[in-house]
J.: 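Handing you a structure now.
These figures come from a predicted structure and were not determined experimentally.
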There are 2 protein chains.
Amino acid sequence: MPAQWPTADDGAGRAPLTVVDRIKQYILVNRLSPGDPMPTEHELSDQLAVSRSRIREAMKTLSALDIVEVRHGYGTFVGTLSLTGLAESLAFRGMLTSHRDKHFLADLIDLRELLEIDWAPLIVERLDAGTIAAMRALATTMVDLAAQGREFPVEDRQFHQLLVSTSGNALVGQLLDVFWQVHSLVSETLGPASLLPETAQAHHAILDAIETGSAAALEAAIREHYQPIRERMLRSTAGTAD
Amino acid sequence: MPAQWPTADDGAGRAPLTVVDRIKQYILVNRLSPGDPMPTEHELSDQLAVSRSRIREAMKTLSALDIVEVRHGYGTFVGTLSLTGLAESLAFRGMLTSHRDKHFLADLIDLRELLEIDWAPLIVERLDAGTIAAMRALATTMVDLAAQGREFPVEDRQFHQLLVSTSGNALVGQLLDVFWQVHSLVSETLGPASLLPETAQAHHAILDAIETGSAAALEAAIREHYQPIRERMLRSTAGTAD
DNA sequence: CTGGATTTGTGCGTATGTATG
DNA sequence: ACATACATACGCACAAATCCA
């Protein structure tokens, strides 16, 4: 089946399509899936009748949104449509505004807490024993690391990923993971972590609540988990009054 | 005050910074705010010692994330850090996967409903009379348009923006607005709208519930609002079995 | 309103680095 | 080790848009 190439003028609406839009159209019309190879820059340049510079700039836009993925010296492929762009954008917003606008981090934490609590009833009902065991192991590792004064980003991130994996809503899982990344990045700029043992222990408390089978208990445990994080944030912003 | 320019080698970690990162650094170090002018491409090219093509490609990445905003023939400015990139990315994901993967739209609707319901207690408590009046006017307009068989995207979008404006959480407001845009774009590909009168009337029901002062009533009204939307989606996906 | 200056947008040629086989 | 295909990078010239005197 020959590839179909979108034209510059889009039928009815007479506004000429941008190069970015025409490349998106190409992917849609030819029903490509994530991972499928894209034409080379040279071929795109020929088929769309624009210079390679424009193709490259369009590709930069598309790869920033993970619509395409460029592999140096190899080729270009349809991207996985992940939310890396959102993570970058939010992280930068946090860095830029955390001086004067403390709302951002607070809003971010509120949203994380809110979304996890939303799934509490489903979690106590459907989280399977295997997942719980894996989370328990992560929590134990976190406590150990905290006792040594070390942080535990990988374990924490995976713990929360597993927690909402029950929801069955892929979008909320990806969103929460992005929020975790942003929170992690931005809070690094607020000085060293604090209250590590409390934070680590809170994960055990979450698992305990799940095993009681009470959604209300889980909700309370999740709220308590975010408490030391909030305190640290408030103290940091109080200290860096510019 | 002279501008500070970031160097390629970032102090400790000896991995050379990318052009994108160095431009981000420039914004951060010089404490620029959204709307502030950026150096010209030529000046960036000189100061960062890379060609203008590279600067332009980096700018494309940054403008895709709304970190900078480029105005043809005028200049480049620090962007508003909006979530337009997320909207584009999600919209494309929806277009690409809505054929074989019906989860996406369903997850999106679930998330919208969930987040609006989260704020129901706060809404019934704090939404002021002026805002309610404005929303009532929008709902009336929607019903009128629906009676004529016309759609009402602008009114619907603004209605939901006002609904969550009470939350005080700017992030959730922006996220919900993005979800609205994505939902609107993707559902266009599922054929013409249906159940317009029911959908329009549901907005009046939401306001009625708010005026009763009961969070539970509001929650129920919000759920009912999303019901015809879900039905339409299910019927569309059933009809387009590829 | 008309230039003219500034700035971004576009096109092209060429050389270099990088991955695959 | 070599050849090929591809992405990366640079520099220049000109077009188009915007602003301001």
J.: With heavy-atom distances below 4.5 Å as the criterion, would you say the side chains of Asp144(A) and Phe152(A) are in contact?
T.: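 Side-chain contact under 4.5 Å: no.
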
J.: Could you list all the salt bridge (Lys or Arg N to Asp or Glu O under 4.0 Å) pairs where at least one residue sits in residues 183-193 of chain A, not counting sequence neighbours?
T.: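 Output for this query is empty, none listed.
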
J.: Once you build an axis from the first five pairs and another from the last five of the helix from dT2(C)-dA21(D) to dG21(C)-dC2(D), how far apart in angle are they, to 10 degrees?
T.: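 Comparing the first five pairs with the last five, the axes sit 20° apart.
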
J.: Please list residues of residues 55-79 of chain B whose heavy atoms come under 4.0 Å from any atom in DNA chain C, ordered by number; otherwise none.
T.: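 Close to the strand are Arg56(B), Val70(B), Arg71(B), His72(B), Gly73(B), Tyr74(B), Gly75(B), Thr76(B).
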
J.: Side chain of Ser51(A) only, heavy atoms from C-beta on: which candidate in dA7(D), dT10(C), dA9(D) is closest?
T.: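 Ranking dA7(D), dT10(C), dA9(D) by closest atom to the Ser51(A) side chain puts dT10(C) first.
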
J.: Under 4.0 Å between any heavy atoms, over every strand shown, what does Ser53(B) touch: base, sugar-phosphate, or nothing? Just pick one.
T.: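 Touches a base.
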
J.: Provide the closest heavy-atom pair for Ala64(A) versus Ala64(B) in the form atom of the first, atom of the second, distance.
T.: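 Smallest interatomic distance, heavy atoms only, reads CB-CB, 4.0 Å.
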
J.: Output yes when at least one side-chain N/O atom of Arg52(A) is less than 4.0 Å from OP1 or OP2 of dG11(C), else no.
T.: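 No, because none of the side-chain N or O atoms of Arg52(A) sits under 4.0 Å from OP1 or OP2 of dG11(C).
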
J.: To the nearest Å, give me how far apart NE2 (His42(A)) and P (dT14(C)) are.
T.: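 So the NE2-P distance, His42(A) to dT14(C), works out to 14 Å.
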
J.: So do Leu81(B) and Pro34(B) actually touch side chain to side chain, heavy atoms under 4.5 Å?
T.: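 Yes, close enough: below the 4.5 Å cut-off.
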
J.: Which heavy atom in Pro192(A) sits nearest to a heavy atom in Arg232(A), and how many Å separate them?
T.: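 The answer is O-NH2, 3.5 Å.
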
J.: Check the distance between dC6(D)'s P and Asp46(A)'s CG and give it to me in whole angstrom.
T.: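 Computing the Asp46(A):CG to dC6(D):P distance gives 12 Å.
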
J.: What is the separation between atom CE on Met38(A) and atom C1' on dA5(D), rounded to the nearest whole Å?
T.: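 Rounding to the nearest Å, CE of Met38(A) and C1' of dA5(D) are 17 Å apart.
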
J.: Can you confirm whether Val172(A) sits close enough to Asp107(B) that some side-chain heavy atom of one is under 4.5 Å from a side-chain heavy atom of the other?
T.: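 No, their side chains stay 4.5 Å or more apart.
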
J.: Mind calculating the distance between CG (Leu48(B)) and P (dC10(D)) to the nearest angstrom?
T.: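 It works out to 11 Å between those atoms.
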
J.: Can you check whether Thr141(A) reaches Phe159(A) side chain to side chain, under 4.5 Å on heavy atoms?
T.: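 In short, these two side chains do not touch, never coming nearer than 4.5 Å.
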
J.: Please identify which of these residues, Lys60(B), Arg54(B), Arg56(B), meets the salt bridge (Lys or Arg N to Asp or Glu O under 4.0 Å) condition with Glu41(B).
T.: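 Running salt bridge (Lys or Arg N to Asp or Glu O under 4.0 Å) over Lys60(B), Arg54(B), Arg56(B) with Glu41(B) returns exactly one hit, Arg56(B).
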
J.: Would you check if there is a donor-acceptor pair between the side chains of Glu116(B) and Tyr226(B) at a distance under 3.5 Å?
T.: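 Glu116(B) and Tyr226(B) do have a side-chain donor-acceptor pair below 3.5 Å.
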
J.: Could you state the CD-P distance from Glu41(A) to dC12(C), rounded to the nearest angstrom?
T.: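 To the nearest whole Å, that distance equals 15 Å.
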
